[in-house]
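Just so it is clear, the values below take in all heavy atoms, side chains as well, and ignore hydrogens, waters and symmetry mates. Indexing begins at 1, ligand by ligand and atom by atom, following the structure's order. Fair warning: this is a prediction, and the values are worked out from it, not measured in the lab.
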Amino acid sequence: MSIAHGIKRLGVLGAGQMGTGIAFVSALHAKVPVLLHDKSAHQISKGLSLIDKLLAKDVSKGRLQASDAADARARIQTADSVEAMRDVDMVVEAVSENLDLKRAIFREFAAKIRPDAILATNTSSISITKIAGAVIPEGEPAAGEVAKAVSGRVVGLHFFNPVPVMKLVELISAVQTSQDTLNRSRAFAEACGKEVATSQDVPGFVSNALLMPFINEAIMCLEKGVATRDDIDKTFRLGMAHPMGPLQLADFIGLDTCLSIQQTLYKGTSDSKYRPSVLLERMVDAQYLGKKSGRGFYEYNN
Ligand code: 3HC
């Protein structure tokens, strides 16, 4: 028997490519009303126009009835603050990879959002246990009942880019996460049309603990002149049937995101195999962030 996720209203914090994609699959497949919040009005309008484009494409390809697209679009509303999301049953945070920022956001979630809501993070590499540690009210013992109840609601729900296309969600339990939170989060991801793989709360989880060293090695190959950019990518596209070579994939993910994940792996393990390549650092210093900034290892006309 499938477990009910019980999510009647979802909040999504962050209207970048991940947050927008999460709002899209939640409204379209899970048919859940979504409140989307971002501190940048520009980001919100960019996110909503991407959603409009994706729905229109599905209709034009005959995969979606126009009325179903209109219903899905109507389910997505914007929220002008975290307070406006107070009645949601689950909130998914999808902001940039910064532990202090995420801890501050989760502290705010715990204070402002209804006490039985699931507090999920889409982090790619940061410890869910560290984020969950931030929600314990000041003065409460970490092992006490209050702390257990609130931190038990924190979970890692890691979607992949582009969210509407990639079939996987990685489910990560913090040390504190309750079984009920895990069960309902899995059921929700499945309702969004995804398959779930679980990972322990290690730096980068399974996905990025394996992917980022691969991308980093590819950048080091380029740095050392082992092969050209095009030949490195061609090797993986044609030799291993990857849809994108590692350098193109790094641009697609965002070089700043790749660097911050790589730094989290390096810091979290002290293992020199995770040391970020100098070229990756320099690219980010130069603000060559990949597709989103118009230039990375390739150039883009966005
Ligand atoms: N949003 C929504 N849909 C998108 C999209 C986007 N940003 N980009 C492409 N698509 C859709 C297209 O609309 C098209 O859909 P259709 O078949 O219904 O028309 C489909 O994807 C295929 O797109 P294209 O034909 O334009 O291009 P490709 O065949 O080259 O596919 C790709 C594009 C799906 C992005 C493919 O290149 C791919 O799978 N790349 C690898 C992506 C990947 O590895 N993602 C994981 C990154 S790691 C991650 O997210 C974890 C994080 O923590 C770092």
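Using a 4.0 Å cut-off between heavy atoms, His242 makes no contact with ligand 1 at all.
Using a 4.0 Å cut-off between charged side-chain N and carboxylate O, Arg184 and Asp89 make no salt bridge. With salt bridges taken as basic N to acidic carboxylate O contacts below 4.0 Å, one links Arg282 and Asp285.
Nearest to atom 7 (N) of ligand 1 among the protein's heavy atoms is Pro162 CB, 3.6 Å. Shortest contact from atom 19 (O) of ligand 1 to any protein heavy atom: Lys61 NZ, 2.6 Å. Nearest protein heavy-atom contact of atom 53 (O) of ligand 1 is His158 NE2, 2.7 Å. Among all non-hydrogen protein atoms, the one lying nearest atom 38 (C) of ligand 1 is Pro243 CB, 3.6 Å.
In this structure, atom 25 (O) of ligand 1 has no protein heavy-atom contact shorter than 4.0 Å. Taking a distance limit of 4.0 Å, we find that atom 5 (C) of ligand 1 is approached by some protein heavy atom. Counting protein heavy atoms under 4.0 angstrom from atom 29 (O) of ligand 1 gives zero. Inside a 4.0 Å radius of atom 32 (C) of ligand 1 there is not any protein heavy atom. At a distance under 4.0 Å, a protein heavy atom can be found next to atom 45 (N) of ligand 1. For atom 16 (P) of ligand 1, a protein non-hydrogen atom is found at a distance below 4.0 Å.
Close contacts of ligand 1 with Met244, meaning ligand atoms under 4.0 Å from a residue heavy atom, involve 35 (C), 37 (O), 40 (N), 41 (C). Shown in contact with Phe160 at under 4.0 Å from a heavy atom are these atoms of ligand 1, numbered in order with element: 49 (C), 50 (O), 51 (C). Below 4.0 Å from some heavy atom of Leu211 lie the following atoms of ligand 1, by number and element: 48 (S). Close approach to Leu54 involves these atoms of ligand 1, each under 4.0 Å from a residue heavy atom: 2 (C), 3 (N). Within the listing of ligand 1, atoms 42 (C), 43 (C), 45 (N), 46 (C), 47 (C), 50 (O) sit less than 4.0 angstrom from a heavy atom of Asn161.
Scanning both residues, Leu64 and Ala69, for their nearest heavy atoms gives CD2-CB, 3.6 Å. Contact detail for Gly245 and Asp233: the closest heavy-atom pair is C-OD1, 3.0 Å. Across Ala110 and Val135, no two heavy atoms sit closer than the pair CB-CB, 3.8 Å.
Residue-environment remark: CD (Gln65) stays at or below the threshold of 12 foreign heavy atoms within 6.0 Å.
When the options Val163, Leu55, Leu50 are evaluated for a side-chain contact (heavy atoms from CB on, under 4.5 Å) with Phe24, the one that passes is Leu55. Checking Lys53, Arg63, Arg73 one by one against Asp58, the salt bridge (charged side-chain N to carboxylate O under 4.0 Å, His left out) holds for a single residue, Arg63. For the side-chain hydrogen bond (donor to acceptor under 3.5 Å, both in side chains) with Thr123, the lone residue among Lys130, His158, Glu93, Glu97 that qualifies is Glu97.
Residues Leu168 and Val165 share a single hydrophobic cluster, defined by chaining ILVMFWY side chains whose heavy atoms lie under 4.5 Å apart. A chain of hydrophobic side-chain contacts below 4.5 Å, direct or via other Ile, Leu, Val, Met, Phe, Trp or Tyr residues, connects Tyr298 to Leu222.
When the options Ile253, Val165, Ile215, Leu249 are ranked by their closest heavy atom to atom 21 (O) of ligand 1, first place goes to Val165. Of the listed options Lys291, Lys57, Lys53, Gln248, Lys57 places a heavy atom closest to atom 14 (C) of ligand 1. For the residues Phe24, Phe205, Phe252, the heavy atom positioned nearest atom 35 (C) of ligand 1 is part of Phe252.
Although no hydrogens or angles enter the test, the distance criterion places no donor-acceptor pair under 3.5 Å between the side chain of Asn208 and the main chain of Ile261.
Using a 3.5 Å distance cut-off with no hydrogens or angles, the side chains of Gln287 and Ser293 do not pair a donor with an acceptor.
Residue Gln17 places no heavy atom under 4.0 Å from ligand 1. Residue contacts with ligand 1: Ser207 is excluded, as none of its non-hydrogen atoms falls under 4.0 Å. Residue contacts with ligand 1: Met18 is excluded, as none of its non-hydrogen atoms falls under 4.0 Å.
Among the atoms of Thr257, none of the N or O lies under 3.5 angstrom from an N or O of ligand 1.
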> Hey, mind stepping through Leu157 and Met90 against side-chain contact (heavy atoms from CB on, under 4.5 Å) and telling me if it holds?
Replying inline: CA-CA 11 Å; Leu157 212 50; Met90 176 192 251; 4.0 Å; yes
